[in-house]
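So the structure is just underneath, and the comments pick up after that.
Within every chain, numbering begins at 1; the chains are lettered A, B, ... in the order of the sequence lines, protein sequences first and strands thereafter.
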Protein chains: 2
Amino acid sequence: MPRSSDKRERLLRSADQLILQQGFKQTTLADIAKDSEVPLGNVYYYFKTKEAIGQSVIEDRLEHLRQLLHNCTAEATPKARLLAFLDYPISIRDSLAEHGCPLGTLAYELSRADSFLRDSSRALIEEVLNWSTQQFEQMDQPDAHALALQFVSQLQGMSLIANTLNDDQVITDMVEQTRHWLNTL
Amino acid sequence: MPRSSDKRERLLRSADQLILQQGFKQTTLADIAKDSEVPLGNVYYYFKTKEAIGQSVIEDRLEHLRQLLHNCTAEATPKARLLAFLDYPISIRDSLAEHGCPLGTLAYELSRADSFLRDSSRALIEEVLNWSTQQFEQMDQPDAHALALQFVSQLQGMSLIANTLNDDQVITDMVEQTRHWLNTL
DNA sequence: GTCTATATGTTGATAGAC
DNA sequence: GTCTATCAACATATAGAC
C-alpha cells in the first residue's frame, strides 16, 4: 500500500545542507541522492526538476525565517525585537563563518541566474527588510527604510566577510557593534 | 614570426566581464571563447586550465583595487580618503545593482570552492579591510579594526542587497548614510 | 512507489593538422 | 601560434522492470 514515506523530507534536508555548503549550481542531484540515501532515479518521483528542489529549499528557508521573525516580534518594544533578532546570527556564528548566510548566499548566487529561483530568493531578503522597516517605523524613526537597509547590510556584509575570512569572530564583533548602534537610536 | 597577440588580453577581458555577470562556475570556457572571438581549442595555448583564467582575473581585480586605493590615499586626511573611496561604488552603482560587487561576489562564491582560488579571492577582501583599518588608525580611533569591519560590511551588504533587489537606489542611499557615519567619527 | 540502467546534453580538456 | 575535431567525465533527466 503506497504511503507517504520520509524520503521527500530527507531529500530536502540534504539539499538544504548541501546548497548551504556548496551553493546551488555546484550541488548535483547525485550529491543530494547520496547524502539522503535515496537512489538517483527515485529523486524524480518527488521532484520534477532540480529547480523544483531549489524552490522547495527556498520555501523552507522562508518559512524558517518567518518563524524566527515571529518569535522576535514577541518582544515588548521594536528595539527589543531587533536586538532579539541579533541573537540568531550569534547562535549560528560557526555556520555563518563556514558557509555564509543561508539567505544571502542563495540570493547573491541566484540573482544572476536565469530562473524563477531568482525571484524566490529575492523574497528572502525582502522579508527581513520589510520586517526590519516595520520595527524602525514603530520606533518613530523618520527614515525607517534607510535604517532597515543599514541594519540588513551590516548583517549580510558581516556574513560575507566572516565566510571569506573563515573567522566567526567577525560575527561576534559586528553583532556587538550593531547592538550598540541600535541602542544609540 | 610568432608575436604576442592581444588574444590573451581579449580572453581575460571577456572572462572578467562574464564572471562578473554569471559567476565563475556558471561561466564556461565556450562562453569566454565566443565572447572574445578566440576559438575554443586556442584558449589552452594561453591558459593551462579554467582555474588559471580565474586566477588571472582575480589578479587583475586586485591590481585594479590597489590602484583605486592608491588614488584615494592621495587625499590629505584619512577621513577624506575613506570618503573618496565611497565615490567608487557610486560611480559604478548601475553595475553593482545589476551584477553585484566584483570583489564580494567572487569572494562569496569561491569561499566554498575547493580550489586555490579561495585564497586568492580572500586576498581581495583583506586588501580593502587592511587599507580601511589603516585609515581609521590614522584617525586615532581606538578600535580601528572594528570600524573597518563595519565600513566594509556596509559596502558588501549594500551591494548584495542592491543586486538582489536589482535597485541601484540602495547604493545611493547606503553610501550617503556611510558618508554621514564617517563624518560623525 | 522504488530502483537500475541509460539516454541526452554540456563542459573541461586534448590531439593533431596546418 | 592557430584552429578543428573530438575525447572523457559529469549532470540532468527519462525508460521501464519490479
Tell me, which of residues 44-51 of chain B have any heavy atom that sits under 4.0 Å from an atom in DNA chain C?
B:Tyr44, B:Thr49, B:Lys50
On a heavy-atom basis, which atom in A:Met158 and which in A:Pro89 lie closest, and how many Å separate them?
CE-CB, 3.6 Å
Test item: B:Asp31 and B:Gln22 side chains (from C-beta on) under 4.5 Å apart, heavy atoms
yes
Is B:Leu20 reachable from B:Leu117 through a run of hydrophobic residues whose side-chain heavy atoms are each under 4.5 Å from the next?
no
How many angstroms lie between CZ in B:Arg81 and CG in B:Leu86, if you round to the nearest 0.5 Å?
14.5 Å
In whole Å, what is the span from the CG atom of A:Leu11 to the C1' atom of C:dT2?
13 Å
Could you give the distance from CG (B:Asp35) to CG (B:Leu11), rounded to the nearest 0.5 Å?
9.5 Å
Once you round to the nearest 0.5 Å, how far does CZ of A:Arg93 lie from CD1 of A:Ile90?
6.0 Å
Quick one: NZ on B:Lys7 to CG on B:Leu12, what's the gap to the nearest 0.5 Å?
14.5 Å
Enter the distance from B:Leu129:CG to B:Ser153:OG here, rounded to the nearest 0.5 Å.
8.0 Å
What residues 15-29 of chain B contributes to the DNA chain C interface at heavy-atom separation below 4.0 Å is B:Thr27, B:Thr28, B:Leu29
Starting at NZ of A:Lys34 and ending at P of C:dC3, how long is that distance when rounded to a whole Å?
17 Å
Just the rounded figure in Å: distance from P of D:dT2 to CG of B:Asp6.
10 Å
Round to the nearest Å and state the distance from B:Glu37 atom CD to D:dT2 atom C1'.
15 Å
Taking atom C1' of D:dT2 as reference, at what distance in whole Å does atom CZ of B:Arg10 sit?
12 Å
To the nearest angstrom, the CG-P distance between B:Leu40 and D:dC3 comes to 12 Å
